[in-house]
Amino acid sequence: MKKALEFSIKKRLSGSLARTGVIKTPHGDIQTPAFIVGGTKATVKTLTPEQVIELGGQSILVNAYHLMLRPGAEIIKAAGGVHKFMNFHGPIFTDSGGFQVFSLGMAYKKGIDATSHSQKGDPSQAVHSTGQLTKVTDEGVHFRSHLDGSKLFMTPEMSMELQHDIGSDIHMCFDELTSPLAGREYIEKAMNRTHSWAGRCLNRHKELNEEHESRGENLQALFGVVQGAREEDYRKKSAAFLSGLDFDGFGIGGVFEPGEVPSTVRWINETLPEDKPRHLLGMGAQPADLFLGVEYGIDTFDCVAPTRQARNGALYTYDGRINIKNSNFSTDFGPIDRDCGCYACKNFTRAYVNHLFKSEEILGLTLASIHNEYFIVHTVDTIRNSIENGRFFEHKKEFLERYYGEAAQLFLY
RNA sequence: GCGAACGUAGCUCAGUUGGUUAGAGCAUCGGGUUGUGGUUCCGAGGGUCGUGGGUUCAAUUCCCAUCGUUCGCC
């Protein structure tokens, strides 16, 4: 069988785990390191595919859980796959939905945030917003739809079938994410279950790819997902175990803060094989995530923060984050960032975007999203260039000191 | 001119049979958001309860006067 994905490394940065490269998929190439644009429900919120491409987005990540609930995998399959359905013809990742099964129900319940460090207790017994429990067994996960509360059951095999129906280029294994505050005993149990599920995902995935090949269709790629929380031995064990399976690349799950990157991500990427791409799941809300992630061997990121924060008025600038709704911007006729080359900065003022937000005009969300997504995508692009021209560490220092001020020292050491 | 109702936060209004620091929604101001939560979450500021008297231990509340708004009648 031919390969679903090819990864080649172009340049390595000595004194670090950083590298540049190219991921080749049936829907095009991704120059890495790259920021994968968040398109959870088969749309990058408020943006057309043309706007995503114009701001520099190479690839999009959609979410299998959300698409399973609406519109349903069968509709996307009938549409000819997610690329045709959403009219984006570049590489598309899917997240398995494992994260949502554990987090979304809880995240909707007031006072509990599954992704927060403040959460306590056993995540396998998470209280759903309807008062029901999400129950994890070795076979799969019983959970409830956050849309209507209906009972659902997901297995690794079902997740593979779902992602193949969606037809994305790169899939993630169905995994069990553990809270940062879970005890070692539970972390180990969840990790071992994730490993077991990884094997089951891979088996079903290969069967489905054989069907694709027999029909002359594009092959799809699968990434194994590393777990193990903040435990060095578990993370290394998880990375080593998954390295022994025939994955096209790896996802790194359960990392919550940039401070965990030089430890957790390093342990993992020192263990994983060099010749396969590594995707850091869900990280990229701030520049430190990106610089540290690349430095410690990450090739691709995805994160919803750029667009989510944009929708709430929090905009990146090279001098730090601003809240465009603040009253002092109502008469500021300069661009969001004078050094930014995005469509919003080239054509509109802070005063105008402030007005749009105050007036709850939809264009404000679009301009803010274009700016933030451009800022983060472009930041990773500059990181990639800095590796190729040997200026990564200088670039990192200049960028982070300007963005964070004195707090940049936390990331420079 | 006569009668009635109403004047409480920037706006629209609760409330008090007289009793701690008078509330809400919206608006204003600030913050949060990392495998997605646009229309959200958290917090803050803001009122001598129209004005002036009286009764009372105590008045935004009861009484009187006055000013204003609205409605009805002549």
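Every chain is numbered from 1, with letters handed out A, B, ... down the list of sequences. The analysis underlying the following values was restricted to heavy atoms, covering all of them including side chains, and did not include hydrogens, waters or symmetry mates.
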Check your understanding: Which salt bridge (charged side-chain N to carboxylate O under 4.0 Å, His left out) pairs, counting each pair once, include a residue from residues 237-246 of chain A, with sequence neighbours left out?
Key -> A/Lys206-A/Asp246
Revision key, fill the gap. What residues 237-249 of chain A contributes to the RNA chain B interface at heavy-atom separation below 4.0 Å is none
Point to revise | Interatomic distance, A/Met283 CE vs B/rU34 P [rounded to whole Å] | key: 11 Å
Review point. Roughly how many Å is it from CD1 in A/Ile298 to P in B/rG35, rounded to a whole number?
Key: 15 Å
Exercise for review: Identify whether any heavy atom of A/Thr46 sits under 4.0 Å from a base atom; if not, whether one sits that close to sugar-phosphate; answer base, sugar-phosphate or nothing.
Suggested key: nothing
Practice item. Mind calculating the distance between CG (A/Asn372) and P (B/rU33) to the nearest angstrom? Key: 13 Å
Revision key, fill the gap. Picking from B/rU34, B/rG32, B/rG35, the nucleotide nearest the side-chain atoms of A/Ala285 would be B/rU34
**Study point:** Distance in angstrom units between A/Ile370 CD1 and B/rG38 C1', rounded
**Key:** 15 Å
Point to revise | A/Arg311 vs B/rG37: side-chain N/O to OP1/OP2 distance below 4.0 Å | key: no
Exercise for review: Using whole Å, report how far CG of A/Leu356 lies from C1' of B/rU39.
Suggested key: 15 Å
Check your understanding: What pairs with A/His279 under ring pair (Phe, Tyr, Trp, His ring centres under 6.0 Å), at least two apart in sequence or on another chain?
Key -> A/Phe93
Check your understanding: When the distance from OH of A/Tyr65 to C1' of B/rG35 is rounded to whole Å, what number comes out?
Key -> 13 Å
Point to revise | Candidate nucleotides B/rU34, B/rU33, B/rG38, ranked by approach to the side chain of A/Lys45 - the nearest | key: B/rG38
Review point. Got a sec, which residues hit ring pair (Phe, Tyr, Trp, His ring centres under 6.0 Å) with A/His212, two or more places apart in sequence or on another chain?
Key: A/His164
Point to revise | ring pair (Phe, Tyr, Trp, His ring centres under 6.0 Å) partners of A/Tyr404, counting only residues at least two apart | key: A/Phe411
Review point. Which label fits B/rG37, syn or anti, where anti is any glycosidic angle not within 90° of 0?
Key: syn
**Study point:** Atom pair distance, as rounded to whole Å: CG in A/Leu61 and P in B/rU34
**Key:** 16 Å
Exercise for review: Look at the side-chain N and O atoms of A/His66 and state whether any lies under 4.0 Å from the OP1 or OP2 oxygen of B/rG37.
Suggested key: yes
Practice item. Determine the contact category for A/Asp289: base if any of its heavy atoms lies under 4.0 Å from a base atom, sugar-phosphate if only primed atoms, P, OP1 or OP2 are that close, otherwise nothing. Key: base
Point to revise | B/rU17 to B/rA59 separation - C1' atoms, rounded to the nearest Å | key: 14 Å
**Study point:** Any residue meeting side chain to side chain contact (heavy atoms under 4.5 Å, CB included) with A/Asn312, in chain and number order, not counting sequence neighbours
**Key:** A/Arg308
Check your understanding: Below 4.0 angstrom, N of the basic side chain to O of the carboxylate: do A/Glu232 and A/Arg235 qualify?
Key -> no
Revision key, fill the gap. For A/Glu50, the side chain to side chain contact (heavy atoms under 4.5 Å, CB included) test, sequence neighbours excluded, returns A/Thr48, A/Asn87
Check your understanding: Looking at B/rG35, does its base get a donor-acceptor pair with the side chain of A/Gln163 below 3.5 Å?
Key -> no
Check your understanding: Taking only residues two or more places apart in sequence, or in another chain, which ones meet A/Phe153 in a ring pair (Phe, Tyr, Trp, His ring centres under 6.0 Å)?
Key -> A/His142
Check your understanding: Can you check the A/His146 NE2 to B/rG37 C1' distance for me, whole Å?
Key -> 9 Å
Point to revise | B/rC71 and B/rC62, which share atom name P, separated by this distance in whole Å | key: 25 Å
Practice item. Establish, from distance only, whether the side-chain atoms of A/Glu361 and A/Tyr352 form a donor-acceptor pair under 3.5 Å. Key: no
Check your understanding: When the C1' atoms of B/rG25 and B/rU33 are considered, how many whole Å apart are they?
Key -> 25 Å
Check your understanding: Between B/rG30 and B/rU8, how far is it from one C1' atom to the other, in whole Å?
Key -> 27 Å
Practice item. Verify the ring-centre separation between A/His146 and A/Tyr65: is it less than 6.0 angstrom? Key: yes
Study note, to complete from the structure: In RNA chain B, stems of three or more consecutive pairs, Watson-Crick or G-U, each with both distances under 3.5 Å, turn out to be B:1-7 with B:67-73, B:10-13 with B:23-26, B:28-32 with B:40-44, B:50-54 with B:62-66
Review point. Base, sugar-phosphate, or nothing: which does A/Gln227 touch, judged by heavy atoms less than 4.0 Å apart?
Key: base
Revision key, fill the gap. When A/Arg321 and A/Ile362 are each assigned the nearest nucleotide of RNA chain B, the 5'-most assignment goes to A/Arg321
All N/O pairs under 3.5 Å across the protein-nucleotides 27-30 of chain B interface:
from, atom 1, to, atom 2, distance (Å)
B/rC29, OP2, A/Lys358, NZ, 2.5
B/rG30, OP1, A/Ser327, N, 3.3
B/rG30, OP2, A/Ser327, N, 3.4

Review point. Do you see a donor-acceptor pair shorter than 3.5 Å between the side chains of A/His83 and A/Asp169?
Key: yes
Practice item. Sequence neighbours left out, what passes salt bridge (charged side-chain N to carboxylate O under 4.0 Å, His left out) with A/Glu157? Give chain and number order. Key: A/Arg200
**Study point:** For A/Lys10, side chain to side chain contact (heavy atoms under 4.5 Å, CB included) partners two or more places apart
**Key:** A/Thr20, A/Val22, A/Gln31, A/Glu388
Exercise for review: Answer yes or no: is there an ion pair linking A/Arg19 with A/Glu274, defined by an N-O contact shorter than 4.0 Å?
Suggested key: no
Point to revise | Side chain of A/Ala314 - closest among B/rU33, B/rU34, B/rG38 | key: B/rU33
Check your understanding: Within the structure shown, what part of the strands sits under 4.0 Å from A/Pro258 by heavy-atom distance: base, sugar-phosphate, or nothing?
Key -> base
Review point. If you measure from the C1' atom in B/rC26 to the same atom in B/rC2, how many Å do you get, rounded?
Key: 40 Å
Check your understanding: What integer number of Å spans the P atoms of B/rG43 and B/rG23?
Key -> 16 Å
Practice item. Can you tell me, in whole Å, how much space there is between the P of B/rG68 and that of B/rC29? Key: 35 Å
Practice item. Pick the P atom in B/rC63 and in B/rA4, then give their distance to the nearest Å. Key: 13 Å
Check your understanding: Going by modelled atom types, is there a donor-acceptor pair between the base of B/rU34 and the side chain of A/Gln309 at under 3.5 Å?
Key -> no
Exercise for review: Record whether the side chain of A/Asp175 comes under 3.5 Å of the base of B/rG35 through a donor-acceptor pair of N or O atoms.
Suggested key: yes
